4 protein chains.
Amino acid sequence: MTNTRAGRPRDHRIDVAVRDAAVDVLNEVGYAGLTLEAVAARAGTSKPALRRRWRGRQHLVVDALVTTVGATPTPDTGCTHCDLIAGIHSLTEAFTTRIGRRVLPALVADLADDPELAELFLREYFHKRRASTAAALRRGIERGDLDPELDLDLALDMLASTIYYRVLFGHLPVTDELAERVVDVVLGGVATVEWRRCHPRAEAEAGARSGS
Amino acid sequence: MTNTRAGRPRDHRIDVAVRDAAVDVLNEVGYAGLTLEAVAARAGTSKPALRRRWRGRQHLVVDALVTTVGATPTPDTGCTHCDLIAGIHSLTEAFTTRIGRRVLPALVADLADDPELAELFLREYFHKRRASTAAALRRGIERGDLDPELDLDLALDMLASTIYYRVLFGHLPVTDELAERVVDVVLGGVATVEWRRCHPRAEAEAGARSGS
Amino acid sequence: MTNTRAGRPRDHRIDVAVRDAAVDVLNEVGYAGLTLEAVAARAGTSKPALRRRWRGRQHLVVDALVTTVGATPTPDTGCTHCDLIAGIHSLTEAFTTRIGRRVLPALVADLADDPELAELFLREYFHKRRASTAAALRRGIERGDLDPELDLDLALDMLASTIYYRVLFGHLPVTDELAERVVDVVLGGVATVEWRRCHPRAEAEAGARSGS
Amino acid sequence: MTNTRAGRPRDHRIDVAVRDAAVDVLNEVGYAGLTLEAVAARAGTSKPALRRRWRGRQHLVVDALVTTVGATPTPDTGCTHCDLIAGIHSLTEAFTTRIGRRVLPALVADLADDPELAELFLREYFHKRRASTAAALRRGIERGDLDPELDLDLALDMLASTIYYRVLFGHLPVTDELAERVVDVVLGGVATVEWRRCHPRAEAEAGARSGS
DNA sequence: GTTTAAGCGAGACGGTACGTCGGGTCTTCGA
DNA sequence: TCGAAGACCCGACGTACCGTCTCGCTTAAAC
């Protein structure tokens, strides 16, 4: 009733045509080279038709990204260590595509200029991926593998951020075993046993936790 | 000698005027809004003069960044833990400026499209900051605080990346104590003692080290 | 009907603003100093808006010329001699304006490089002026004042060309009585009666005509 | 003595190389498309070398023109009519070259902006051609063919201007017999005998002259 | 014969204007 | 009544060229 609004209905074939065209264009010329004009032309439609559906090229790209680079959920195998590695490893795979490697950084950079876009991106892409890794961490706590008082958000950030970091700056390659090394550090740290003994604050907490 | 080449010498006052103008423009309209035309106009010069000095606005921005957000070196106090916190904390300070918060992400996104720019950025900005933190890590190893076989590059990445991560996605604030929390995790990890006991690979290494 | 076409209609206020601005600029800096950029700026619009309307500055100047130095029609007083003098004299007046004196020659020089421009100029400016003088010549023939077999085009050229010639080369001034002197020569020639008698071809024709 | 000035003497091979290069460039891209840079490059030298010799491209072009389109002097056959036709006809020939047809008009247009250039052009090109035709007219007067009180300058202008006029505007072709037709009109006029009889001023003068 | 400096050739610079691309907006037509 | 599409206006881009300034070198005059 109220769902069907008056006037000419929107042609949904245009939606999919534009999304496909956007992915093509992104793969060919990247994010900086993408123009609404080119996307519209390739989709066989016009600029205003795009603008009516998306606020700008950023919003269009988010839409195309979500459709394309969907999040692989972190598995639940009963092994905390393994689950985390798998979850982070799926992130490295997302960056092997040209879109992941060259489009995502640029898109992310635009988030700072458009809060609405940031909200959309976090909701549609970021948190979907993050949620399943958070679940793995919680299972690790319940299982007694992880410090029950750990800062969940911080751990999630530290697990994922290094991959982004290397992709963004390109100073070091994203190797296949990177996920495992990152998880090892986040779980075990890099300090020696001596250092841990001499820093009761951190170790005391850990001891108190483990002792309880 | 080799300094004197044929042709009219470059007017170095233009260099500084443009750099200053670029910083002003960045602070006013951000990276996406920066145009060579506006910078040239504000600096009282012309586009070709800019183009002769910098390949594009990205290169100009790198130059302006280096001049503006210079790296605060990681201190050497004899305390590994403190030095690292101070070093990472200086990173959060760099992101309190508008330039750091909004310009750097966008600039970094452009690195993927221009290898030459990436090389310039890494050399002039990234590695300068990274080097002094790497030195702190090495001192920590010599001091016996850190695992002598740790992956230095990985540790450096994990120390810095979380700050970038939060700035980029804005899903969580960059609080003042974030630096300390990150260092704690990198040094100590988040796993429980039980977990460490059951994972001899990581713990055995730590034990072997401490036992020697 | 055919007037309403798809797309945003053109803003006609821009047309007049640009034409006015062009005339101003021409009066201030002349033809060589006229730039589309300056005209656009003074008209409060942009270069592409101009370029959409005119192919280049030449076409714009033709348009501005037609609006400004409109052709004064040759009068019809019943006196062939007087009409022609008046018609040619109006030409000298057109060259008293700065636009006529300095712009027209330069514009005319550009005709050779652009046939389309030449066609436009001839249609919109040249032939409008020429037509009314041609009518005066025809009236002179009907009236029996002029040789009915004269080459109309040649006569028109000879009447007008001397004014242009003096303006172009500037070797002699364009005085007020020049129009009369030119008409006198075109009508009467400069040969002596003796010479005419010895050249039956020209004189025989004249005689045959007068004798009929 | 004072002729040989101190310092390095000018390389005269550059003069001729540049003049040749200028003619080539003019033939290829015309006057509007000629740039000092292109001429210098083609001549194998540099812009300052050109600028030291010529004030600007206009002066260079005048120099190249004089060297290329030299004036053919009006002959002296004893026949006024024939001499004039030959003199004017040589003018039409000068306009059959691409340089004459496309370069000269543009150059002439620039005379208005540079009095010094105008003086140079008139002296080096215009008057040289004009002088020999003036001599032919004077011989015609002495011979009794031409009205001894004719305005010599006006007659010269009227003889030559029509050719320029047709070349400039291109509204009519410059045919081979145009020279003859022009001379006919200048000598004989286009009025009928009746008209001449009714206009005693012009005819009385002619009669008085012929009768004396 | 050596010194001195004037003028030249050449290169790069600073700046104006060009022609073009793309973004965002507006208007008309068609469904 | 609203969607589709075309044209429009404008900001900014990257480039070509002009006119100028500076350098190093050549050459002739001066000592």
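Just so we're on the same page: letters track the sequence lines, and every chain starts at 1. What you see is a predicted model; the values in this text were computed from it and never measured.
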> Do the non-hydrogen side-chain atoms of B:Asn27 and B:Ile99 ever get within less than 4.5 Å of each other?
Replying inline: yes

Measure the distance from [atom1] on [X] to [atom2] on [N] and round it to the nearest whole Å.
{"X": "D:Arg55", "N": "F:dT20", "atom1": "CZ", "atom2": "P", "value": "11 Å"}
{"X": "C:Arg10", "N": "E:dT28", "atom1": "CZ", "atom2": "P", "value": "15 Å"}
{"X": "C:Leu50", "N": "E:dA17", "atom1": "CG", "atom2": "P", "value": "14 Å"}
{"X": "A:Trp54", "N": "F:dA4", "atom1": "CH2", "atom2": "C1'", "value": "14 Å"}
{"X": "B:Arg42", "N": "E:dG15", "atom1": "CZ", "atom2": "P", "value": "17 Å"}

> Of the non-hydrogen atoms in C:Arg42 and C:Asp24, which two are nearest, and what is the gap between them?
Replying inline: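 Closest heavy-atom pair between C:Arg42 and C:Asp24: NH1-CB, 3.6 Å.
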
>> Which residues pass the side-chain contact (heavy atoms from CB on, under 4.5 Å) test with C:Ala112, not counting sequence neighbours?
In response: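 Once residues adjacent in sequence are excluded, the partners of C:Ala112 under the side-chain contact (heavy atoms from CB on, under 4.5 Å) criterion are D:Arg102.
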
> Of all residues at least two apart in sequence or in a different chain, which pass the salt bridge (Lys or Arg N to Asp or Glu O under 4.0 Å) check with C:Arg101?
Replying inline: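 C:Arg101: no salt bridge (Lys or Arg N to Asp or Glu O under 4.0 Å) contacts found.
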
> Who passes salt bridge (Lys or Arg N to Asp or Glu O under 4.0 Å) against D:Arg123, sequence neighbours left out?
Replying inline: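 With neighbours one apart ignored, the set is D:Glu119.
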
> Do B:Leu111 and A:Leu168 pass the side chain to side chain contact (heavy atoms under 4.5 Å, CB included) test, and can you show the C-alpha distance, the side-chain angles, and the key distance before you say yes or no?
Replying inline: CA-CA 8 Å; B:Leu111 300 183; A:Leu168 286 177; over 6 Å; no

>> Each nucleotide in nucleotides 11-16 of chain F should get exactly one letter: B, S or -. Can you fill that in based on protein heavy atoms under 4.0 Å?
In response: BBBBBB

>> By the 4.0 Å heavy-atom rule, please label D:Arg53 as base, sugar-phosphate, or nothing.
In response: sugar-phosphate

>> Between A:Arg52 and B:Ile14, which residue's closest nucleotide on DNA chain E lies nearer the 5′ terminus?
In response: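 Counting from the 5' end, the first nearest nucleotide belongs to B:Ile14.
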
> Pick from C:Asp113, C:Leu34, C:Leu117, C:Asp63: which one makes a side chain to side chain contact (heavy atoms under 4.5 Å, CB included) with C:Gln58?
Replying inline: C:Leu117

>> Using the ring pair (Phe, Tyr, Trp, His ring centres under 6.0 Å) criterion, which residues pair with C:Phe121? Sequence neighbours excluded.
In response: C:Tyr125, D:Phe169

> Using a heavy-atom distance cut-off of less than 4.0 Å, which residues of residues 15-29 of chain C contact DNA chain F?
Replying inline: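 When residues 15-29 of chain C is checked for heavy atoms under 4.0 Å from DNA chain F, there are no hits whatsoever.
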
